[in-house]
Amino acid sequence: MFSLASRRLVNAATNKSRFFSSTAAMGKKVAVLGAAGGIGQPLSLLLKLSPNVSELSCYDIVGTPGVAADLSHIPTASSVTGNLPAAGSWPPSHNTGIEAALTGASVVVIPAGVPRKPGMTRDDLFNTNAGIVKGLVEACADFCPDAVLAIISNPVNSTVPIAAEVLKKKGVYSPKKLCGVTTLDVCRANTFVAASMGKDPKDVNVTVIGGHAGITILPLFSQVPGFSPSDEDREALTVRTQFGGDEVVKAKAGAGSATLSMAYAGYLFTEEVLRAMNGADDVVQCAFVESSLTDAPFFSSPCKFGPDGVTEVMGFGEISAYEQKWMDQMLPDLKKQIQKGIDFANQ
């Protein structure tokens with residue numbers, strides 16, 4: 001699913017002529033909200049390399065002018081801006097900094113928020129990150145209502161429903177333009193299965209459905225051609241994919257969470273959205289979107305993308321009895337996490 005995007009990144013980094021090719025004319029403005037953070041900086045770096053980005057707009061509450069100045073020295077065709085929240089003024093005015101960051105954006109990627117630390121679940125982040133996402137999406141509704149929003153801020157199972165409620169209140173909600181980024185779950189599953197099979201990860205494509213937290217993450221290993229793990233290995237790979245974020249949090253010993261891999265996954269997702277906007281008709285990737293596939297109002301599954309965002313929420317095919325067990329266990333938790341976001345947005 002992502003091998004083509006991966007190769008494009010390598011090509012862009014090694015073939016400077018692509019930076020100044022005619023593809024720049026098809027480039028879009030992409031805004032990164034939280035661009036000075038642990039995910040935001042490497043994500044912005046990767047997006048600066050993309051020939052599909054003509055303007056990279058960086059926004060955060062601190063540090064963005066420096067991040068933008070640093071990125072601007074990279075010899076690619078995209079321009080870079082860095083905005084901070086506007087200082088107070090009289091008469092009182094809105095935040096002109098975020099207005100400048102968002103106006104004209106085709107895609108807005110939101111990694112803003114606090115990272116997890118050892119012992120924290122994604123749900124522990126809720127009280128802080130829910131408010132951050134709510135405020136940023138309100139600004140998106142005001143200044144770039146037609147943009148595709150890619151939500152990275154955790155807990156995604158709750159922040160995406162918050163974003164949906166905000167957009168509904170503003171009268172600009174379009175299900176095809178709001179996505180939770182679950183690409184990292186696919187990257188992890190591909191990496192772990194490829195290692196188990198002795199294959200190159202680019203030749204593996206695991207469909208991962210459900211949500212983006214713990215047991216709500218369901219990799220469909222039964223659909224991987226030629227992969228027949230033992231029951232013990234299947235269980236270990238499933239749990240590692242579900243709790244891969246915990247593995248990184250523990251390894252960093254309080255110094256952060258999965259920032260580099262998440263930045264890469266966010267780049268892959270955004271790059272594919274941009275390819276679809278530029279007319280590619282083969283873009284299918286998993287995303288956490290409004291869905292009727294289950295009785296959960298939002299669900300991650302393969303989605304087809306087009307010029308205006310999601311054009312089709314696709315089914316996920318037959319699943320094994322083992323995977324159905326996880327599905328039955330996961331759905332009640334997923335629905336609770338979704339409802340928590342809806343309740344927050346409407347309180």
Side-chain angles (χ1 to χ4, degrees), residues 2 6 9 32-49 58-64 66-67 70-71 109-133 136 150-160 180-196 201 206 208 210-219 235-270 286 288 300 333 337:
F2 301 109
S6 302
L9 175 59
V32 179
L33 307 185
I39 296 171
Q41 288 200 46
L43 172 60
S44 297
L45 169 62
L46 294 171
L47 290 171
K48 183 66 171 74
L49 301 178
C58 300
Y59 177 86
D60 211 323
I61 57 173
V62 294
T64 33
V67 170
D70 199 355
L71 291 170
V109 192
I110 307 181
V114 298
R116 281 200 297 156
K117 294 182 179 179
M120 292 178 68
T121 66
R122 287 180 174 86
D123 205 48
D124 291 331
L125 304 177
F126 181 86
N127 289 335
T128 298
N129 288 357
I132 291 171
V133 169
L136 293 175
I151 309 292
I152 292 174
S153 306
N154 276 316
V156 165
N157 294 351
S158 300
T159 55
V160 171
V181 179
T182 61
T183 309
L184 181 52
D185 303 324
V186 176
C187 288
R188 285 176 173 146
N190 289 349
T191 300
F192 303 156
V193 168
S196 177
V206 182
V208 182
H212 182 60
I215 66 165
T216 70
I217 299 167
L218 179 54
E235 177 80 7
L237 286 168
T238 298
V239 172
R240 191 181 182 199
T241 301
Q242 292 171 331
F243 296 96
D246 292 355
E247 181 179 312
V248 177
V249 169
K250 290 175 184 175
K252 289 190 174 182
S257 57
T259 54
L260 300 175
S261 54
M262 185 63 249
Y264 178 68
Y267 157 77
L268 291 179
F269 181 84
T270 306
C286 293
F288 186 66
S300 182
D333 277 1
Q337 292 167 29

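Count residues from 1 along the sequence. Since the structure is predicted, the reported quantities are computational estimates derived from the model, not experimental observations.
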Heavy atoms only: give me the nearest [X]-[Y] pair and the separation to one decimal.
X	Y	value
T183	C286	OG1-O, 4.5 Å
D60	G37	OD2-N, 3.6 Å
A263	L46	O-CD1, 3.8 Å
Q41	A36	NE2-O, 3.1 Å
G180	V160	CA-CG2, 3.5 Å
A35	S44	CB-OG, 3.8 Å

Can you tell me how far the [atom1] atom of [X] sits from the [atom2] atom of [Y], to the nearest 0.5 Å?
X	Y	atom1	atom2	result
N154	I39	CG	CD1	7.5 Å
T159	L136	OG1	CG	11.0 Å
T216	Q242	OG1	CD	8.0 Å
N157	F288	CG	CZ	4.5 Å
I151	N129	CD1	CG	11.5 Å
D246	K250	CG	NZ	5.5 Å

Would you mind reporting whether [Y] and [X] have side-chain heavy atoms less than 4.5 Å apart?
X	Y	result
V239	E235	yes
P219	D185	no
F192	R240	yes

Which side-chain N or O atoms in residues 252-259 pair as donor and acceptor under 3.5 Å with protein atoms at least two apart or in another chain?
| from | atom 1 | to | atom 2 | distance (Å) |
| --- | --- | --- | --- | --- |
| K252 | NZ | S257 | O | 2.7 |
| K252 | NZ | T259 | OG1 | 3.1 |

(request) Just do the side-chain contact (heavy atoms from CB on, under 4.5 Å) check on I152 and L43 with the steps written out, would you? (result) CA-CA 11 Å; I152 292 174; L43 172 60; 4.3 Å; yes
(request) Would you please say whether a donor-acceptor pair under 3.5 Å links the side chains of T182 and S300? (result)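 A donor-acceptor contact under 3.5 Å links the two side chains.
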(request) Given side-chain contact (heavy atoms from CB on, under 4.5 Å), test F243 with I215 step by step and report yes or no. (result) CA-CA 8 Å; F243 296 96; I215 66 165; 4.1 Å; yes
(message) Evaluate V181 against V156 for side-chain contact (heavy atoms from CB on, under 4.5 Å), listing each step before the verdict.
(response) CA-CA 8 Å; V181 179; V156 165; over 6 Å; no
Under 3.5 Å: donor-acceptor pair, side chain of [X], backbone of [Y]:
X	Y	value
T241	L237	yes
T64	C58	no
S158	Q337	yes
N190	P201	no

(message) Determine whether L45 and L71 satisfy the following criterion, side-chain contact (heavy atoms from CB on, under 4.5 Å), listing intermediate values before the conclusion.
(response) CA-CA 7 Å; L45 169 62; L71 291 170; 4.2 Å; yes
